[in-house]
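Okay, so here's the structure we're looking at.
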Amino acid sequence: MPEVLEVEAYRALAEQAGLGRTIASVEAPDSWYLKRGLTASQLQVLVGGHFEAARRLGKLLLLDTRLASGAEGPVLGLRFGMSGRLVVDGRVGTGPLWHSPRGCLPRYERFAVVFADGGHLGISDPRRLGGVEVEPSEARVGFDAATLTPGQLARALSTSRAPLKARLMDQARVAGIGNLIADEVLWRAGLAPSRPAGSLSPAELRRLHRHLRAALAQMGARGGSHTGDLMAHRTPGGRCPRDGQPLQRDRVGGRTTWWCPAHQR
DNA sequence: CCGGATGTTCACCT
DNA sequence: GAGGTGAACATCCG
C-alpha cells in the first residue's frame, strides 16, 4: 500500500501520537527486517530516550531521536514495502483503507518500540518487504512528490530515454510515487507510460505537473493511493472511464501498467 | 493451484 | 553508463 499518501498519514500519526514518550524497550524480533547491518542490540541505545520529530522523504519515514542523556540520537528510517503499516497504540495510520484486517495480526509485527507509559509504536508488515535502518541516506532521495515544483519535475525527467512511468517511479528522481499513483497521474495527464521521459514538451511537462498535484490532493482527501479514478478499471476487460475505450495492460518499469491508448499519447 | 499484488535491492544481461 | 529482466522477500486474495 504505502506510497507518499500513506506514508504521510503514518508520519502524521507518529507526530501526533509518538513524540516525547519515553522509550522503555525496542523490540526487533526479526533481524532480517533490520537493514544495512543494523542489529537489535544497537537499537538499545534508544531506551530511555524519545522520538523528537517525525519527518518524511518520499516513502521513507524518518524519526529523529533524543537519547536519555539529552544528546541527539540516531535518525530511525522506516520503510513499509508493499504491505507495511505504522501502528501506534493499536491505531493504524491510514484508518479504513487497508483491505485486509488480518494485516495487523501480532505475528506480522516486525519492529516496535514500547513506551514507558505502556503504549507502543510499531510496523506491522505481513509480506516483510519493509525494513528499519539507522541514519538512512537522505541525500539519495529525489524531489518529494508532495512538494514537487515544475522545475524539479523537468529536471527529474530531462534527457532520459527511460519510459516516463519508470522515471516517475524512480525514487532517486521523484520520491513517493508508486505504481498506482503513476498510472493514475499519467492517465489524467493523457501521457503514455512508455513515452521517453525526456521527450515531453514544455506544455506536456506543465500538464503532468498540474495533474500530479491535483491527483495527490484529491486522492489524499479520499483516503489514499487506491482511490484514483482509474483504480476500479485496472482489471481484465476494464475500460477507460473517460472515453470508454478498452484499457491496455502492459509492463513498464517492471510493473503492471494499465493505460488508455486512445487518449494517452 | 496459479498468478498477481500500493516496493526495493541486487546480480546479470544488452 | 543507461536500462531492462528476473529473483528474492511472505502472505493474501480471486
Side-chain angles (χ1 to χ4, degrees), chain A residues 1-10 29-37 56-61 77-86 92-111 123-133 136-137 140-142 145 156-187 193-199 215-216 219-220 222-228 230-232 234-238 249-258:
Chain A
M1 159 201 289
E3 299 187 36
V4 57
L5 299 174
E6 286 75 27
V7 180
E8 174 56 27
Y10 298 165
D30 183 357
S31 64
W32 191 87
Y33 213 71
L34 303 181
K35 306 302 181 185
R36 304 167 63 95
R56 182 189 58 74
L57 282 182
K59 303 173 188 174
L60 177 65
L61 177 61
L78 273 44
R79 297 184 184 279
F80 298 91
M82 285 212 220
S83 62
R85 299 186 266 188
L86 187 75
V92 181
T94 45
L97 61 69
W98 193 255
H99 38 68
S100 166
R102 302 175 60 177
C104 240
L105 292 179
R107 70 172 182 274
Y108 299 139
E109 180 147 292
R110 312 297 180 188
F111 171 84
I123 302 181
S124 186
D125 184 1
R127 289 182 64 186
R128 219 171 155 227
L129 298 174
V132 174
E133 62 183 303
S137 167
R140 283 187 44 242
V141 179
L157 302 181
S158 68
T159 74
S160 171
R161 294 181 318 282
L164 174 57
K165 179 181 175 183
R167 199 74 165 182
L168 279 179
M169 290 194 304
D170 181 345
Q171 301 300 301
R173 300 285 174 171
V174 178
I177 297 179
N179 200 35
L180 291 184
I181 293 178
D183 276 5
E184 175 75 18
V185 168
L186 292 175
W187 174 79
S194 56
R195 275 277 295 275
S199 72
L216 288 178
M219 297 166 82
R222 289 175 178 173
S225 308
H226 65 306
T227 64
L230 186 64
M231 182 68 185
R234 304 170 94 260
T235 177
R249 176 189 165 146
D250 281 321
R251 212 159 176 84
V252 180
R255 306 300 299 276
T256 297
T257 300
W258 294 87

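Residue numbers start from 1 in every chain, and the chains themselves are labelled A, B, ... in the order their sequence lines are given, proteins ahead of strands. When reading the values below, keep in mind they use all heavy atoms of this one structure, side chains included, and skip hydrogens, waters and symmetry mates.
A salt bridge links Asp183(A) with Lys165(A); the closest basic N to acidic carboxylate O contact falls under 4.0 Å.
Per the geometry, OH belonging to Tyr108(A) stands 17 Å off P belonging to dC9(C), to the nearest Å. Following rounding to the nearest Å, Leu129(A) (CG) and dG7(B) (P) show an atom-to-atom distance of 10 Å. For the pair Lys165(A) NZ and dG7(B) P, the interatomic distance rounds to 9 Å; values are reported in whole Å. The nearest whole Å value for the distance from the CZ atom in Arg110(A) to the P atom in dC9(C) is 14 Å. Distance CZ (Arg222(A)) to P (dT6(B)): 19 Å, rounded to an integer number of Å. Look at CG on Leu180(A): it is 9 Å from C1' on dA5(B), rounded to the nearest Å. Summarising the geometry, the separation between CG on Leu78(A) and C1' on dT8(B) is reported as 15 Å, rounded to the nearest angstrom. Atom CG in Leu34(A) sits about 18 Å away from atom P in dC9(C), given to the nearest Å.
Just one residue in the list Tyr33(A), Phe111(A), Tyr10(A) forms a ring pair (Phe, Tyr, Trp, His ring centres under 6.0 Å) with Phe80(A), and that residue is Tyr10(A).
Nearest-nucleotide positions on DNA chain C place Arg173(A) closer to the 5' end than the other of Arg251(A) and Arg173(A).
Nucleotide dT6(B) forms no Watson-Crick or G-U wobble pair with any nucleotide shown, as no partner meets the under 3.5 Å limit on both distances.
Not counting sequence neighbours, the partners of Arg222(A) by the side chain to side chain donor-acceptor pair (under 3.5 Å) test are Asp229(A). Judged as a side chain to side chain donor-acceptor pair (under 3.5 Å), and not counting sequence neighbours, the contacts of Arg79(A) are Glu133(A).
Nearest to the side chain of His226(A), among dT6(B), dG3(C), dC12(C), sits dT6(B). Nearest to the side-chain atoms of Gln171(A) among the listed nucleotides dT8(B), dT11(C), dG3(C) stands dT8(B). Each of dC9(C), dT6(B), dG4(C) was ranked by its minimum atom distance to the side chain of Met82(A); first place goes to dT6(B). Side-chain proximity of Ala162(A) to dT8(B), dG4(C), dT6(B): nearest is dG4(C). Of the candidates dG4(C), dT6(B), dT11(C), dG4(C) carries the atom nearest the Ala166(A) side chain, counting heavy atoms from C-beta on.
Straight-line distance between the P atoms of dC2(B) and dA7(C): roughly 16 Å, to the nearest whole Å. With both ends at atom C1', the span from dG6(C) to dG4(B) equals 15 Å, rounded to whole Å. On the P atoms, dC12(C) is 22 Å away from dT8(B), given to the nearest whole Å.
OP1 and OP2 of dC9(C) both lie 4.0 Å or more from every side-chain N or O belonging to Tyr33(A). Considering only side-chain N and O atoms, Thr256(A) lies under 4.0 angstrom from the phosphate OP1 or OP2 of dA5(B). An OP1 or OP2 oxygen of dA2(C) is reached within less than 4.0 angstrom by no side-chain nitrogen or oxygen of Arg161(A). OP1 or OP2 of dG3(C) sits under 4.0 Å from a side-chain N or O of Arg167(A). Arg255(A) has a side-chain polar atom (N or O) that falls below the 4.0 Å cut-off from OP1 or OP2 of dT6(B). At dA5(B), none of the side-chain N or O atoms of Ser83(A) fall inside 4.0 Å of OP1 or OP2 (strictly under the cut-off).
For the atom pair Arg234(A) CZ and Glu184(A) CD, the distance stands at 9.5 Å (nearest 0.5 Å). The CZ atom of Arg255(A) lies 14.5 Å from the CG atom of Asp250(A); values are rounded to the nearest 0.5 Å.
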